[in-house]
Amino acid sequence: MKKITDNTLLGKLTLLLNVVVLVLFIISCVLLLKYDKINIQVVQDRPAYEKAYENYVMAQHPLRQDSAEVAYYSNKLDSLKTKAVAKTKDEKTALAELITVTTATLKEKSEAQAAHLKELDENSASYLPLKNDWDAKNADRDSAKKSFWIMACITCLAFLVKTFLFAHWDSKNLRNLHNISPWMKDGNKVHAPYWGWFVPIINLIKPFSIFNEIWEETDYALENKGIVTVDKDTTVDNSELYMGIWWGLLLISCWIMNLILFLTFFREGAFFVKADHTNMVIVAIVIMVLAMLMETFLIISYNKKNKLLLANEDKF
């Protein structure tokens, strides 16, 4: 039974998925900027639209009372003219005066109604074009937002697949170490990378510690068997520094920058108002690229160690 397996293909597949994730992330950022361009217009137009809408609604309010009053006095006048019966001269005089007053009041109410209708028409003339433009921009914004979220979900799915593959690569490398190094029974178990990457909170540090352990134990195994000779006095091991830079960039890219992007593009707070949105996207892409480049360097470097282990399997 082989003690050491060749895991370099898994590492290469992880690198390939990194490229896919990076391309999808850039496309997502482009769609985010497209959404943002429309959203900024909507935010800028909102005060004018809301003011026009308020004026339009206010112009409608008097018409309800006007309609009721005109209907009331029209009915009253009809009733006085057709149903009221005056038997005496005084009653006829009083009825005529009441009809005159009611007619004058109806005319006054009708004129007020006509004035309010004219005001409503004027408000409609300024409000309806704004409303049509507002509805069109909101429809475009919703469409752009939907396109972004679909691509963002695809990107997240690709990132999860890539992360699982990275965890599987870690697990296979751990198994190699367990097979050749008895002391590894006190280290991380072969299944640790899976839950280490996917359990919340723990995944903020566990993947780094696992990869660091794999790297250090592999170096020790290679040096202990004389496969690799290192002059401790003149050689500086920067692997932990490189790994720390990679992990820091990955955390910033996956957590901090995504939070900042969310606050910048989907919340109208300080980030939305003060931050340059395009620059925020550029920074996010740059950090993602740097994280992927560091990961590429580390995976390629460890694959070389895996090859050395495999080539010298008979020494273990």
Side-chain angles (χ1 to χ4, degrees), residues 1-18 159-252 254-255 291-316:
M1 181 179 177
K2 291 181 68 67
K3 296 179 181 179
I4 302 172
T5 57
D6 184 355
N7 304 321
T8 56
L9 180 59
L10 281 173
K12 292 175 182 178
L13 288 175
T14 302
L15 296 182
L16 179 61
L17 278 177
N18 271 346
F159 184 81
L160 288 174
V161 173
K162 170 259 173 183
T163 301
F164 178 82
L165 201 61
F166 192 104
H168 188 51
W169 180 71
D170 271 349
S171 178
K172 297 278 284 184
N173 290 326
L174 269 175
R175 188 176 295 280
N176 283 344
L177 291 172
H178 277 267
N179 289 339
I180 65 175
S181 305
W183 61 85
M184 281 297 295
K185 67 179 184 296
D186 297 323
N188 284 295
K189 306 303 179 185
V190 294
H191 55 74
Y194 299 109
W195 58 262
W197 273 99
F198 293 101
V199 176
I201 307 301
I202 293 176
N203 61 6
L204 294 177
I205 190 62
K206 191 65 175 177
F208 166 79
S209 67
I210 291 173
F211 195 11
N212 190 53
E213 180 185 61
I214 293 171
W215 192 287
E216 290 182 350
E217 293 299 334
T218 302
D219 280 347
Y220 178 79
L222 292 172
E223 293 169 19
N224 189 47
K225 295 298 181 178
I227 301 170
V228 174
T229 303
V230 178
D231 187 346
K232 301 291 186 180
D233 296 328
T234 59
T235 303
V236 179
D237 184 8
N238 291 320
S239 59
E240 191 168 355
L241 172 63
Y242 297 147
M243 210 169 293
I245 293 173
W246 158 69
W247 189 243
L249 288 171
L250 192 62
L251 288 180
I252 292 172
C254 293
W255 295 101
M292 294 301 183
L293 287 175
M294 285 301 301
E295 188 166 299
T296 299
F297 167 73
L298 292 172
I299 290 176
I300 291 175
S301 297
Y302 188 82
N303 272 351
K304 293 178 181 178
K305 299 178 189 293
N306 184 209
K307 286 288 189 181
L308 283 174
L309 290 175
L310 189 65
N312 296 275
E313 183 179 13
D314 58 328
K315 295 183 179 181
F316 294 95

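Between Phe166 and Ile299 there is a side-chain heavy-atom pair separated by less than 4.5 Å. Using a 4.5 Å heavy-atom cutoff, the side chains of Glu216 and Glu240 are in contact. Side-chain contact between His191 and Leu174 is absent, with no heavy-atom pair separated by less than 4.5 Å.
Across all non-hydrogen atoms, the minimal contact from Lys3 to Glu313 is N-OE2, 2.7 Å. Taking each heavy atom of Val190 and Ser171 in turn, the nearest pair found is O-OG, 2.5 Å. The shortest heavy-atom contact between Ala167 and Pro193 is O-CB, 3.4 Å. In plain terms, the two heavy atoms of Phe316 and Lys225 that are nearest each other are CE2-CG, 3.5 Å. Shown here for Asn203 and Pro207, the closest heavy-atom pair between the two residues is O-CD, 3.6 Å.
The side chain to side chain contact (heavy atoms under 4.5 Å, CB included) search around Leu13 returns Leu9, Leu165, not counting sequence neighbours. Listed by chain and number, the residues in a side-chain hydrogen bond (donor to acceptor under 3.5 Å, both in side chains) with His168 are Tyr194 (sequence neighbours excluded). With sequence neighbours excluded, the residues satisfying side chain to side chain contact (heavy atoms under 4.5 Å, CB included) with Ser301 are Trp215, Phe297. In this structure, the side chain to side chain contact (heavy atoms under 4.5 Å, CB included) partners of Leu251, at least two apart in sequence or on a different chain, are Leu204, Trp247, Trp255. Taking the ring pair (Phe, Tyr, Trp, His ring centres under 6.0 Å) definition, one finds that Phe159 meets it with nothing, sequence neighbours left out. Phe198 meets the ring pair (Phe, Tyr, Trp, His ring centres under 6.0 Å) test with no other residue; sequence neighbours excluded. The side-chain hydrogen bond (donor to acceptor under 3.5 Å, both in side chains) check on Thr14 picks up nothing, with sequence neighbours excluded. Residues passing the side chain to side chain contact (heavy atoms under 4.5 Å, CB included) test with Val161 are Leu17, sequence neighbours excluded. With sequence neighbours left out, the side-chain hydrogen bond (donor to acceptor under 3.5 Å, both in side chains) criterion links Asn306 to no other residue.
Distance CG/Leu308 to OH/Tyr302: 10.5 Å, rounded to 0.5 Å. Here Ile180 contributes atom CD1 and Glu217 contributes atom CD; the two are 9.5 Å apart, rounded to the nearest 0.5 Å. Distance check, rounded to the nearest 0.5 Å: CG of Leu15 to OG1 of Thr296 gives 5.0 Å. Atom CG in Leu298 sits 7.0 Å away from atom CH2 in Trp246 (nearest 0.5 Å). Remark: His178 NE2 to Lys189 NZ distance equals 6.0 Å, nearest 0.5 Å. From Asp314, atom CG reaches atom CG of Asn312 across 6.5 Å, with rounding to the nearest 0.5 Å.
Residues Phe164 and Trp169 keep their aromatic ring centres 6.0 Å or farther apart.
Inspection of the Asn173 and Thr218 side chains reveals no N or O donor paired with an N or O acceptor under 3.5 Å.
Pairs of residues two or more places apart, or lying in two chains, that qualify as salt bridge (Lys or Arg N to Asp or Glu O under 4.0 Å) and include a residue from residues 296-308 are Asp6-Lys307, Asp219-Lys305. Legend: salt bridge (Lys or Arg N to Asp or Glu O under 4.0 Å) pairs involving residues 7-16, not counting sequence neighbours: none detected. A salt bridge (Lys or Arg N to Asp or Glu O under 4.0 Å) check over residues 162-188, counting only residues at least two apart or in different chains, returns the pairs Lys162-Glu295.
Counting non-hydrogen atoms of neighbouring residues, nucleotides and ligands closer than 6.0 angstrom, the CG atom of Leu241 exceeds 12 such neighbours.
Using a distance-only test at 3.5 Å, with no hydrogens or angles considered, no donor-acceptor pair links the side chain of Asn212 to the main chain of Phe208. Checking side-chain atoms of Thr8 against main-chain N and O of Asn303 turns up no donor-acceptor pair under 3.5 Å.
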Applying side-chain contact (heavy atoms from CB on, under 4.5 Å) to Trp197 and Lys206, what does each step give before you reach the verdict? CA-CA 7 Å; Trp197 273 99; Lys206 191 65 175 177; over 6 Å; no
